[in-house]
Amino acid sequence: MIEYRSIRVALLGAGSVGSQVARLLLEQGDELANRIGARIELVGIAVRDVDAPRDVALPRELLTTDAESLILGADIVIELMGGLEPARTLILKAVSSGADVVSGNKALLATHGPELFAAAEQVGAQLSYEAAVGGAIPIIRPLRDSLAGDRIDRILGIVNGTTNFILDRMDTTGASLEDALATATELGYAEADPTADIGGYDAAQKAAILASLAFHTSVPVDRVHREGITGVTAAQVESAKRAGYVVKLLAICERLADPETGEEGVSARVYPAMVHRSHPLAAVHGANNAVFVEAAAAGPLMFYGAGAGGVQTASAVLGDLVAIARRHVLGGPGTAESTHAELPVLEIGRITTRYAITIEAADQPGVLATIAHVFADHGVSVGELEQTINDENGRATLVIGTHEARESALAETVAALADSPVVTSVASVIRVEGAE
Ligand SMILES: NC(=O)C1=CN([C@@H]2O[C@H](COP(=O)(O)OP(=O)(O)OC[C@H]3O[C@@H](n4cnc5c(N)ncnc54)[C@H](O)[C@@H]3O)[C@@H](O)[C@H]2O)C=CC1
Ligand SMILES: N[C@@H](CC=O)C(=O)O
Ligand code: NA
């Protein structure tokens with residue numbers, strides 16, 4: 001048996017992910033030591049209550065409620081408590097005491113990332129966070145390392161498993177949003193309070209992290225345009241299906257050049273959108289995640305797998321831990337976060353995409369021409385049109401697909417349609433993303 005030196009690791013939080021990280025560290029100690037060239041010594045696990053019942057049995061002597069003392073003297077701190085505080089303060093303390101940090105805390109990184117990265121960079125510490133986006137799926141390291149020599153133009157991500165499960169169920173069974181959410185809750189995908197998932201908050205945090213990394217620009221979560229799935233109806237999903245599309249909640253990070261000013265900027269946004277069934281993201285079913293990356297030289301790449309789950313996410317945490325521990329063996333500072341580009345973050349009105357608009361209108365001569373004029377007046381070009389007549393009320397339902405249009409022009413078109421005397425109502429507007 002080789003005598004390795006020890007690397008002292010403190011774990012903060014022993015919930016779904018933390019308990020699995022502890023278990024794997026304890027079970028795989030010898031194997032990890034051989035891979036790293038040093039032994040990982042788990043010096044303690046900070047918990048809220050040392051006597052609380054746990055699904056994963058953890059050695060009692062490792063448990064403590066004193067997280068602050070635990071991090072002093074640790075070489076690497078793994079933060080898996082979640083939430084903004086005390087996680088932020090503890091990470092800052094860990095870094096200032098000379099430790100590297102691994103975290104899966106998307107909420108914290110999307111809100112206080114620049115402060116934490118700056119603190120780490122100041123002392124040459126590493127802050128790694130593969131678990132924060134797409135759980136087990138390697139996406140942070142590919143963007144930061146493998147694609148470091150390329151130029152990322154666009155990322156389309158399905159980064160929330162709960163909403164993907166719900167939308168997939170609506171698509172495959174025709175269920176309403178409420179029924180699909182109830183099933184997601186029964187199966188344990190959705191939290192008791194699913195607001196962060198269905199409101200798009202969780203996906204927006206991940207979009208902020210991906211956009212910051214991909215475009216070397218700080219994109220805080222409050223600059224991410226966010227729409228959740230609460231407005232998605234069974235009728236919309238059905239209409240999309242008839243047209244060969246599926247509705248997905250997308251996190252979109254995009255590099256844009258303003259057509260008028262030529263100014264380069266970035267957009268980060270989350271909303272439900274129609275994706276053509278031929279697009280690889282359309283085949284992402286259930287609670288899975290996938291991140292579709294368009295890079296200038298590499299072309300399209302897709303990263304797919306389990307976006308959540310305790311043991312799956314623990315894999316991403318251990319990957320970061322091993323990478324940092326190997327650097328401890330070899331020496332040298334951590335990799336600083338690159339925000340050298342600092343491109344402007346553009347408002348949603350500046351983006352261009354395609355749209356599907358459902359309109360209820362009178363079934364009378366001249367109605368189509370009037371509606372077509374409204375689109376033309378605002379410079380929005382119509383691609384497809386589907387019309388169905390409701391025999392009971394004599395009204396027409398029009399589903400109009402546009403070519404690429406600017407969001408601000410589309411918003412003005414929709415307002416003008418709503419005011420038009422021939423239009424009964426604009427029933428829905430949904431964006432269409434991904435090339436067919
Ligand atoms: N569960 C998942 O599938 C994924 C989780 N993540 C992230 O990983 C982190 C951990 O997530 P989970 O394990 O699911 O959460 P969890 O809620 O199951 O576990 C967090 C644990 O930290 C403990 N804790 C909180 N504050 C504490 C404090 N001040 N002192 C000591 N212990 C404290 C809690 O008692 C709890 O046991 C979060 O940031 C989450 O966003 C990321 C990807 C997927
Ligand atoms: N609530 C999230 C869990 C992982 O980040 C999801 O549903 O994907
Ligand atoms: Na990941």
Side-chain angles (χ1 to χ4, degrees), residues 10-22 44-50 52-56 58 63-71 78-91 102-111 128-144 157-167 181 184-185 187-203 205-206 209-210 213 229 249 251 284 286-291 303-320:
L11 175 61
L12 313 182
S16 306
V17 185
S19 60
Q20 292 296 336
V21 167
I45 306 171
V47 294
R48 276 204 177 114
D49 175 1
V50 292
R54 294 172 200 286
D55 295 341
V56 178
L58 298 173
L63 304 183
T64 173
T65 54
D66 187 357
E68 291 213 22
S69 302
L70 186 60
I71 58 180
I78 304 176
E79 183 277 307
L80 292 167
M81 298 187 310
L84 300 185
E85 287 293 355
R88 172 183 156 274
T89 304
L90 290 169
I91 290 178
V102 178
S103 173
N105 195 331
K106 57 217 163 187
L108 179 62
L109 290 163
T111 313
S128 297
Y129 52 96
E130 183 57 74
V133 182
I137 304 170
I139 182 61
I140 299 298
R141 208 101 54 82
L143 287 174
R144 184 156 71 181
I158 293 175
V159 291
N160 183 266
T162 306
T163 47
N164 199 57
F165 176 88
I166 291 170
L167 294 173
L181 172 58
T185 310
L187 294 174
Y189 292 123
E191 303 288 327
D193 175 6
T195 316
D197 294 317
I198 64 171
Y201 296 91
D202 174 76
Q205 290 164 358
K206 293 164 178 167
I209 294 170
L210 289 175
L213 192 56
I229 64 164
L249 183 71
V284 178
N288 283 308
N289 281 194
V291 184
F303 300 83
Y304 169 83
V311 71
Q312 294 88 343
T313 306
S315 164
V317 173
L318 287 192
D320 281 345

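Numbering of ligands and ligand atoms starts at 1, following listing order. In what follows, every heavy atom counts, from backbone to side chain, and hydrogens, waters and symmetry copies are set aside. Quick caveat, the model's predicted, so the values are computed rather than measured.
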Q: For side chain to side chain contact (heavy atoms under 4.5 Å, CB included), just list the numbers for Arg88 and Thr111, CA-CA rounded to whole Å, side-chain angles, deciding distance to a tenth of an Å, and then say yes or no.
A: CA-CA 10 Å; Arg88 172 183 156 274; Thr111 313; over 6 Å; no

Q: Are Phe303 and Leu143 side-chain neighbours, meaning at least one heavy-atom pair lies under 4.5 Å?
A: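 With C-beta onward as the side chain, the pair stays apart.
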
Q: Determine, stepwise, if the pair Asp49 / Thr65 fulfils side chain to side chain contact (heavy atoms under 4.5 Å, CB included).
A: CA-CA 7 Å; Asp49 175 1; Thr65 54; 5.9 Å; no

Q: Could you check if a side-chain atom of Asp202 sits within less than 4.5 angstrom of a side-chain atom of Glu191, using non-hydrogen atoms only?
A: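 SC-SC contact between Asp202 and Glu191 ruled out.
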
Q: Report yes if some heavy atom in the side chain of Val133 is under 4.5 Å from a heavy atom in the side chain of Lys106; otherwise report no.
A: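 When only atoms from C-beta onward are counted, Lys106 and Val133 do not touch, as no gap falls below 4.5 Å.
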
Q: For ligand 2, which atoms sit closer than 4.0 Å to a heavy atom of Thr162?
A: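 Under 4.0 Å from Thr162, ligand 2 has these atoms: 6 (C), 7 (O).
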
Q: At a cut-off of 3.0 Å, what protein N/O/S atoms sit near the Na ion (ligand 3)?
A: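 N, O, S partners closer than 3.0 Å: Glu130 O, Glu130 OE2, Val133 O, Gly135 O, Ile137 O.
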
Q: What about Gly161: any of its N or O atoms under 3.5 Å from an N or O on ligand 2?
A: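 Such a contact does occur with ligand 2.
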
Q: Would you say Tyr189 and ligand 2 have an N/O pair spaced under 3.5 Å apart?
A: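 Checking ligand 2 against Tyr189, no N or O pair falls under 3.5 Å apart.
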
Q: May I have every N or O pair linking ligand 1 to the protein at under 3.5 Å, one per line with atom names and distance?
A:
| residue | atom | partner | partner atom | Å |
| --- | --- | --- | --- | --- |
| ligand 1 | 3 (O) | Gly309 | N | 2.7 |
| ligand 1 | 13 (O) | Ser16 | N | 3.2 |
| ligand 1 | 13 (O) | Val17 | N | 2.9 |
| ligand 1 | 18 (O) | Ser16 | N | 2.9 |
| ligand 1 | 18 (O) | Ser16 | OG | 3.3 |
| ligand 1 | 26 (N) | Arg48 | NH2 | 3.4 |

Q: If you define the side chain from C-beta out and look only at heavy atoms, does anything of Asn289 sit under 4.5 Å from Asn164?
A: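 No. Closest side-chain heavy atoms not under 4.5 Å.
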
Q: State if Glu191 counts as touching ligand 2 under the rule of any non-hydrogen atom under 4.0 Å.
A: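 Glu191: no contact with ligand 2 (<4.0 Å).
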
Q: Does any N or O in the side chain of Glu130 come within less than 3.5 Å of the main-chain N or O of Arg141, such that one atom is a donor and the other an acceptor?
A: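 Yes, Glu130 side chain to Arg141 backbone: donor-acceptor pair under 3.5 Å.
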
Q: Need the ligand 2 atom indices (1-based, order shown) with element for anything under 4.0 Å from a heavy-atom of Asn160.
A: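 Selected atoms, number and element: 1 (N), 2 (C), 6 (C), 7 (O), 8 (O).
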
Q: Would you please test Asp197 and Tyr189 for side chain to side chain contact (heavy atoms under 4.5 Å, CB included) and show each step?
A: CA-CA 10 Å; Asp197 294 317; Tyr189 292 123; over 6 Å; no

Q: Is Asn105 close to Glu79 at the side-chain level, that is, under 4.5 Å between some pair of heavy atoms?
A: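 When only atoms from C-beta onward are counted, Asn105 and Glu79 do touch, with a gap below 4.5 Å.
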
Q: Ignoring hydrogens and angles, state whether a donor on the side chain of Asp66 or Thr64 is under 3.5 Å from an acceptor on the partner side chain.
A: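 Side-chain D/A pair, Asp66 to Thr64: absent.
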
Q: So, do Val47 and Arg54 sit near enough that their side-chain heavy atoms are less than 4.5 Å apart?
A: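 Yes; the side chains approach each other to less than 4.5 Å.
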
Q: Given Ser19 and Asp55, is the side chain to side chain contact (heavy atoms under 4.5 Å, CB included) satisfied, shown in steps?
A: CA-CA 8 Å; Ser19 60; Asp55 295 341; over 6 Å; no

Q: Just distances here: any N/O of Asp197 and N/O of ligand 2 closer than 3.5 Å?
A: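 By distance alone, the answer is yes.
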
Q: Please examine the side chains of Ile91 and Leu12, heavy atoms only from C-beta on, and report whether any two atoms are closer than 4.5 Å.
A: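 Contact flag for Leu12/Ile91 side chains = no.
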
Q: With a cut-off of 4.0 Å, which atoms of ligand 2 are near a heavy atom of Lys206?
A: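 Every atom of ligand 2 under 4.0 Å from some heavy atom of Lys206: 4 (C), 5 (O), 8 (O).
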
Q: Once you round to the nearest 0.5 Å, how far does CD1 of Ile198 lie from CG of Leu181?
A: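 Result: 5.5 Å between the selected atoms.
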
Q: I need the atoms of ligand 2 closer than 4.0 Å to a non-hydrogen atom of Ala308, numbered in the order shown.
A: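 Selected atoms, number and element: 3 (C), 4 (C).
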
Q: For atom 5 (O) of ligand 2, what's the nearest protein heavy-atom neighbour? Residue, atom name and distance, please.
A: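 Residue, atom and distance for the closest contact: Lys106 NZ, 2.5 Å.
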
